[in-house]
2 protein chains.
Amino acid sequence: MTKRLFEIDPWVLTTDQLAVADKRLQESLTSIGNGYMGMRGNFEESYSGDTHQGTYLAGVWFPDKTRVGWWKNGYPKYFGKAINSPDFLSIPIKVNGETLDLAKTKFHDFKLELDMHDGVLRRSFVAEIGGASVRFSFLRFMSNVTQELALINLEAEVLSGQAELTLEPLINGNVHNEDSNYDETFWELRHQGPLADDNYFVTMETKENPFGTPRFTITEQMHVVVDSPVAVDRQPLAEKSGRVGETISAHLTTGQALTLRKQVVVVTSRDVPEAQQVNRATTLIQAADQTSLVTQLAGQDQVWAQRWAQSDVQINGDPAAQQGIRFNILQLFMTYYGEDSRLNVGPKGFTGEKYGGATYWDTEAYIVPMYVSVTKPQVTRQLLEYRYDQLAGAYHNAQQQGLKGALYPMVTFDGIECHNEWEITFEEIHRNGAVAHAIYEYTDYTGDTDYVLTKGIDVLVGIARFWADRVHFSKRHQQYMIHGVTGPNEYENNVNNNWYTNQMATWVLRYTLEILPQVSDAKQHALAVSTEEQAHWQDIIARMYYPVDDQEGIFVQNDGYLDKDLRPVSSLDPSERPLNQHWSWDRILRSPFIKQADVLQGIYFLDDQFTLAEKKRNFDFYEPMTVHESSLSACIYSIIAAEIGEEDKAVELYSRTARLDLDNYNNDTADGLHITSMSGGWLSIVQGFAGLRHSHGQLSLKPFCPKDWESYRFQINFRGRLLAVTVDHHETKLELLKGTDLALTVNGQPQIVKADQVLTVTD
Amino acid sequence: MTKRLFEIDPWVLTTDQLAVADKRLQESLTSIGNGYMGMRGNFEESYSGDTHQGTYLAGVWFPDKTRVGWWKNGYPKYFGKAINSPDFLSIPIKVNGETLDLAKTKFHDFKLELDMHDGVLRRSFVAEIGGASVRFSFLRFMSNVTQELALINLEAEVLSGQAELTLEPLINGNVHNEDSNYDETFWELRHQGPLADDNYFVTMETKENPFGTPRFTITEQMHVVVDSPVAVDRQPLAEKSGRVGETISAHLTTGQALTLRKQVVVVTSRDVPEAQQVNRATTLIQAADQTSLVTQLAGQDQVWAQRWAQSDVQINGDPAAQQGIRFNILQLFMTYYGEDSRLNVGPKGFTGEKYGGATYWDTEAYIVPMYVSVTKPQVTRQLLEYRYDQLAGAYHNAQQQGLKGALYPMVTFDGIECHNEWEITFEEIHRNGAVAHAIYEYTDYTGDTDYVLTKGIDVLVGIARFWADRVHFSKRHQQYMIHGVTGPNEYENNVNNNWYTNQMATWVLRYTLEILPQVSDAKQHALAVSTEEQAHWQDIIARMYYPVDDQEGIFVQNDGYLDKDLRPVSSLDPSERPLNQHWSWDRILRSPFIKQADVLQGIYFLDDQFTLAEKKRNFDFYEPMTVHESSLSACIYSIIAAEIGEEDKAVELYSRTARLDLDNYNNDTADGLHITSMSGGWLSIVQGFAGLRHSHGQLSLKPFCPKDWESYRFQINFRGRLLAVTVDHHETKLELLKGTDLALTVNGQPQIVKADQVLTVTD
């Protein structure tokens, strides 16, 4: 059921086929972004076939009303959405009066390429149009030098015939979200018009909303530079609300070529007040005008060369895997590279609308454990700061449920919960555990205690207080319990005593009690955790109930799970898969099938609390019942499989995550890429195959090389060092590319990697 | 916290106060209907204060879209709503150019009366307006002789001064539902206009919808008869879309009075195709024109006199209770009296919009047990026919969940589920048990086996097949279980093994197996329940799991319930009540507090399966934790309390249901009356205080008289008889008003009531 649109190549997504039937999928895969803005791989010229036009600006959102008549106390009143923003890509094209439209125009020599070195998207084809033969070549990228800048370059070369060429570079604010609940639009026009020097702009504002969330104003401005061998005529487009641009005409003959560079600047009220937006945009456009395309591309390459030098993964012997891991890293870095602590890693990044929201627990559970290794500490720290800055929202969320402390939201832009299913927002509270755990992960890995002692402790105490209020004491059992939760496995809702949730709750209490004495007196005073409160936390730690089963020797996912009609996934008819596309929600909820790692997620996080035998028993029990219908599941299972020595299983599970989007594994990439699960391939390789762990600031490895690979190599940042690890079937090579000697263990044996030599450990 | 707007009177709701601050509440309480249509107690003249105008036509509905972006397989796509229909009540009034508006106009001698003898609503006051003093008197009723006819009579008498009177009787289709999800309107105009002989009509159609549910066309037509001592001028209203009527002007002087009779006929495409609607309406209007108001009122009185002769309940010594029980019976009969098997008893009847839908399990659980006694068998049988006629919809609903058999909907108009919360629609499947149980209730009470043997068996087999597929076998426990349900207590969602649901499931299987051999060979052949299938049902009956607790000696509401932080309602701060207005849904779900009878509901239905000691233990355990925040709860507890000898408790619980709306007990009657719970008072008196039971066609009584009452008397239909039962503190009198000798038991002793004598049983 997989579908592969692009050829295998280590550094490029390339194809000579326009995927007419899978246009949306092709668009998703050719999305580009720079952390500040991004867009799907739409076409510049008109396209009358099926397409999903999408341009997204980080942190610009709208609260879409979700009232359906049965609201209950504590339900969020809206669903926050990343909204489709004014289109600045389009350049409708006519040749001799005929509209260029690849759904209709005859064309050949089509080529579409996303260069993973630098995130530049190129496309070219020869159109037979209006009696002429014209080669069109497009290039675009979102600048990583000037984040507000997008650059779109078009070259039209007449191969034969005469071509009266008409190009209409424009900005169009008349856009809507495909997923708006009631077909509303979210924008209204503030100002628009031509400016001096052939500049055109649109200033728009998100509509008023009744929920008190902020409105955003944005200005998109463009300036087009034309290089033509003949005279060109330039006229502003006929005035239309929300739509500005110009008509550029030129008459070319065979052999002549015209180049059009559309420079677009986007500024938003997140950084620049409305009154200054046009000025700011003009300044940025002017700077761009003075920089040639070659120089701009060189700047772009330089940024990315540094990133790859630090973070590249090389896989020898499996070019498809090689392409997959680079694509994932590219897309992750195009979504988030820590420049702005108000932003986060959205589940679709800039590639689609589904899921809404900017921030899920995905960030702490799947992104932080990768970013902490592949980027400098400050990139990850920004993700922690994000939660610290939203602590007030988390207190608000808890209060909405009548609870003390801080409840981080399931989905949010600003700290306030903006999802709208009670079984998720009220119940999937395990997210609070992951938010706390990321603080540990960062602190233990980087050795930077500043965050946890000055800010993280506020987050920890807020979360600890939430758990202490959210548990209840069962008089009958004389134990603390947590009822009414949804675990990571969303294929069960509203269960009691989810083992993972209960474990993470007490882990937070323990970690908070451990950190608390280390913080400053002033901080302790401000937090005011009394000895009574600490004693209560200790009591919860001591008397928490965790469902276990002695018969199977396993941790039980939640109360009642073992009463189900337990059967393996292998007993399902393949035509029923994925279950969420074939079964009713009722049937899914009652089934034993597990959407994603749940008990195993706990074993992953709390790694050294469990014996290898415990890990193995739980893996063997749960894995056969897991359908991995979340893109976040397979990597966790892969890591545990590697640890317990099930290497083939580890590789099989890895393969589900490594090219999830490139091979459209879940048949839903047309909606956008699975950005937050793109760390899965990396985690499977580094923490799975290479067995990287850290504990008390000490790294350990336990590597193996998958049978079908010759070798793989990755690099990790660790406490001022850059360590390269190369694994093949005979040996593991460790090399410090930067930094001082490093003590670690490999296969349980202590080793020291010295700054000036390659350490080779043979199996 | 209660609020009483009307004076205590045995047969009338009367007040001399316009409830400005509680206008909506007053409107709800003065709603009238005739089973075919009805309206809230809105005013004829303009009213600029807070009001909720509502006119409803039985069986006319619209599927309101409920998509919120997170739909899952099997979710209903719409929420079916009883829609506000064109207003035919209004008669804006001016006196000397000044608009009559009780929110602004000075008035005195206000009187508002709902006569419970016949459902006629009267209102009068003297307005000091435009320099004149004018007495206005209104009368209205929905005819029980001609169901399509509504009659509104207005008399204006000038007490002093000169009055240029302008009256604008009209029909206005520009209405909307207050509860529409996105402020949509549901109607569009088809035709309108004046007809011959001062007739005016509007034909409207419900809007197109994408769900394939039927559209309705309705015609409302009016003809106004004026009786005036002076010449009147009549002019059609200025043309306006969806709004027709006329302006009637007359100049009256002191002592003169004008009478206006607005006769309205409403026909719908449920009965009459659009093309014939105006003709049909004209015919009905002409017939009404030829009948005087006195004659029309006499016809109305006659219908109601027959109903009361059969169904009245008298309470001596407690006029408030007397008024309460009559109000409840009146409103029930105004909502449904079995004339049309396509209709049912909506939870708000014709009194408001909340809840949408026409039919809930309320009908089988609370209405059938009363109607079977207070009305002739055919009235109740219509309610059963309704389910039989919707069997195809029930099969559809089960199929949507991937299940076999028939799943009756939680909320419906046409058999298809039209509610939109998965935790209700997927999980509150216990409704299927009640639908089956009503067949037993009717059959055992009336002795009419025709329904169960010819139609009911189809319903039973459909439901039985559903249960047989919905259970699963727990290999670990070697028992059948039912996971993922919501019991009658909606303050827990998605629980496992709700004792009530499991009990009712096996009860259905047993009852179906009992009836099956009695049906005709042809029917058996058609139903094709194989011996294997029957054996499977037997196996489920034999090995069903029911949660019980030996320590407490009780049936356990559902798995895990006893793990909660169990505590009594008395431990709650009264300011937190009702919980659903003060607590988050999360907190409610996790609390031990019970919304409505759950285990007790099972004990009520399956009465003779349990010992008195079992009933007492379960009552004593659950009652202290029950908040009765459903209007359907207290009556069931009251009945069980009476049975176990807790007479004071029985009376206390009765008092919560008897005047629920008249005293605005739950502070939500402004939204409309709690129609389906209006049987609760009757059930508490007859099945509770008098202890009426039936089993194998035999009645039994075990009466007591509440301390504060002198006596009470009720009448029941039973197998061709009309039996009057009078209970005081010394004795019980039984009298056959109709029918042949009746053997029954009173306080466990066999008695025979003879046709020609009063049987007195002393305590």
Side-chain angles (χ1 to χ4, degrees), chain A residues 64-70 72-75 79 81 179-182 184 354 356 400-403 419-427 470 472-477 479 481 483-484 492-497 545 551 559-560 562-566 580-590, chain B residues 64-70 72-75 79 81 179-182 184 354 356 400-403 419-427 470 472-477 479 481 483-484 492-497 545 551 559-560 562-566 580-590:
Chain A
D64 199 9
K65 180 169 109 171
T66 55
R67 182 166 68 91
V68 290
W70 292 95
K72 298 195 176 79
N73 290 336
Y75 278 32
F79 182 66
K81 286 187 171 160
D179 72 344
S180 71
N181 282 340
Y182 281 70
E184 315 93 318
K354 213 175 149 187
Q400 289 296 101
Q401 310 305 341
L403 290 161
H419 189 69
N420 58 1
E421 292 175 293
W422 68 266
E423 61 270 29
I424 302 284
T425 59
F426 289 7
E427 305 210 323
R470 184 59 168 72
H472 76 270
F473 188 69
S474 170
K475 290 186 274 296
R476 174 165 284 236
H477 289 269
Q479 282 182 299
M481 293 186 165
H483 274 194
E492 290 204 276
N493 271 173
N494 194 22
V495 299
N496 293 336
N497 295 308
Y545 162 81
Q551 192 175 319
D559 286 348
L562 298 183
D563 291 345
K564 288 191 162 194
D565 178 20
L566 301 178
N580 63 28
Q581 289 175 23
H582 294 91
W583 279 15
S584 76
W585 188 230
D586 166 59
R587 199 167 169 194
I588 288 174
L589 289 177
R590 293 186 290 112
Chain B
D64 200 9
K65 181 169 109 170
T66 55
R67 183 165 69 91
V68 292
W70 291 95
K72 298 195 176 80
N73 289 337
Y75 279 31
F79 182 65
K81 285 185 172 162
D179 71 344
S180 72
N181 282 338
Y182 281 70
E184 315 94 318
K354 212 174 151 189
Q400 289 296 102
Q401 309 306 342
L403 291 162
H419 189 69
N420 58 1
E421 292 175 293
W422 68 267
E423 62 272 29
I424 302 284
T425 58
F426 289 6
E427 305 208 326
R470 183 60 168 73
H472 75 272
F473 188 69
S474 170
K475 290 187 274 293
R476 173 166 285 235
H477 288 269
Q479 281 182 299
M481 294 187 163
H483 274 195
E492 289 203 278
N493 272 172
N494 193 22
V495 298
N496 294 337
N497 295 310
Y545 162 80
Q551 192 174 319
D559 285 350
L562 297 182
D563 291 346
K564 289 191 161 193
D565 179 19
L566 301 178
N580 62 27
Q581 290 176 22
H582 294 90
W583 280 16
S584 76
W585 188 231
D586 167 59
R587 199 167 170 197
I588 288 174
L589 289 179
R590 292 187 291 111

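Everything numeric here is computed off the predicted structure, so don't read it as measured data. Below, all heavy atoms of this structure are taken into account, side chains as well, without hydrogens, waters or symmetry copies. Each chain gets a letter, A, B and so on, in the order the sequences are listed, and its residues count up from 1.
Partner of B/Arg590 under the side chain to side chain contact (heavy atoms under 4.5 Å, CB included) criterion, chosen from A/Glu427, A/Arg470, A/Gln401: A/Arg470.
To the nearest 0.5 Å, atom OG1 of residue B/Thr425 and atom CH2 of residue A/Trp585 are 13.0 Å apart. To the nearest 0.5 angstrom, A/His472 atom NE2 is 8.0 Å from B/Leu566 atom CG.
Of the atoms belonging to A/Leu403, it is side-chain heavy atoms, and not backbone ones, that fall under 4.5 Å from chain B. In this structure, the portion of B/His477 lying under 4.5 Å from any heavy atom of chain A is its side chain and not its backbone. Only the backbone of B/Gln581 comes within contact range of chain A, judged by heavy atoms closer than 4.5 Å. Both the backbone and the side chain of A/His483 come within less than 4.5 Å of a heavy atom in chain B. For B/Leu589, the part lying under 4.5 angstrom from a heavy atom of chain A is the side chain only. With a 4.5 angstrom heavy-atom cutoff, B/Asn497 does not touch chain A via any of its atoms.
The minimum heavy-atom distance between A/Asn493 and B/Trp422, with the atom names listed, is OD1-CZ2, 3.4 Å.
Ranked by non-hydrogen atom pairs under 4.5 Å with chain B, the options A/Asn580, A/Asp559, A/Asn496, A/Leu562 are led by A/Leu562. Comparing A/Gln400, A/Glu423, A/Gln551 by heavy-atom pairs within less than 4.5 Å of chain B, the highest count is held by A/Glu423. Of the listed residues A/Gln479, A/His582, A/Met481, A/Glu492, the one with more heavy-atom pairs under 4.5 angstrom with chain B than any other is A/Met481.
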ask   = Going through the checks in order, is the salt bridge (charged side-chain N to carboxylate O under 4.0 Å, His left out) test met by B/Asp563 and A/Arg476?
value = CA-CA 6 Å; B/Asp563 291 346; A/Arg476 174 165 284 236; 5.9 Å; no

